[in-house]
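This is a predicted model, so every value here is computed, not measured.
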Amino acid sequence: MAETCFEKCANKKHKEADLALGEMSCGDRCVGKYLEAQEKIGLVLNKANEEQAKIQQNTMEMQQAYANMGK
């Protein structure tokens, strides 16, 4: 993320040691977008994991019930 945002926002000629105001604003927006995207990805992955856990639990319950029928 740091490299991507720096490449996108920082002036390539590096005339000064500090970033210009526009470069700082661009960097802030870039990092904000990255963090927002990561949060959305995390929510989607958590939902998928929860659904997978439910499917796995149902499968185990059905296997247990089938095993108990044979006894």
Side-chain angles (χ1 to χ4, degrees):
M1 171 197 57
E3 184 177 341
T4 301
C5 291
F6 184 82
E7 295 264 334
K8 179 180 177 185
C9 299
N11 186 348
K12 305 290 188 246
K13 295 182 182 178
H14 302 294
K15 296 175 186 173
E16 298 180 21
D18 296 330
L19 294 174
L21 181 60
E23 293 171 322
M24 286 188 288
S25 296
C26 178
D28 287 343
R29 284 192 307 274
C30 183
V31 170
K33 288 178 183 179
Y34 176 85
L35 294 175
E36 184 179 327
Q38 291 302 310
E39 182 180 356
K40 288 180 180 180
I41 290 168
L43 292 173
V44 168
L45 290 175
N46 282 337
K47 184 177 180 182
N49 285 339
E50 288 172 3
E51 291 173 359
Q52 184 64 34
K54 286 179 186 176
I55 291 170
Q56 189 174 10
Q57 180 66 33
N58 288 342
T59 301
M60 288 174 48
E61 289 172 0
M62 288 187 337
Q63 288 174 343
Q64 184 84 23
Y66 182 72
N68 289 338
M69 287 175 54
K71 292 181 178 180

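Annotation: side chain of Q38 is in contact with side chain of Y34 (closest heavy-atom distance under 4.5 Å).
Within a 6.0 Å radius of CG in N46, other residues, nucleotides and ligands contribute more than 12 heavy atoms. In the displayed structure, E3 atom CD is contacted under 6.0 Å by at most 12 heavy atoms of other residues, nucleotides or ligands.
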Legend entry - From CA spacing to verdict: disulfide (SG to SG under 2.5 Å), C9, C30: CA-CA 8 Å; C9 299; C30 183; 5.0 Å; no
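Here Q52 contributes atom CD and L45 contributes atom CG; the two are 12.5 Å apart, rounded to the nearest 0.5 Å. Interatomic distance, OG1 of T4 versus CE of M1, reported as 9.0 Å (0.5 Å rounding).
L19 approaches A10 most closely through the heavy-atom pair CD2-CB, 4.3 Å.
A donor and an acceptor atom, one from each side chain of E61 and Q57, are located under 3.5 Å apart.
We find that K40 and E36 are joined by a salt bridge, their nearest charged nitrogen and carboxylate oxygen being less than 4.0 Å apart.
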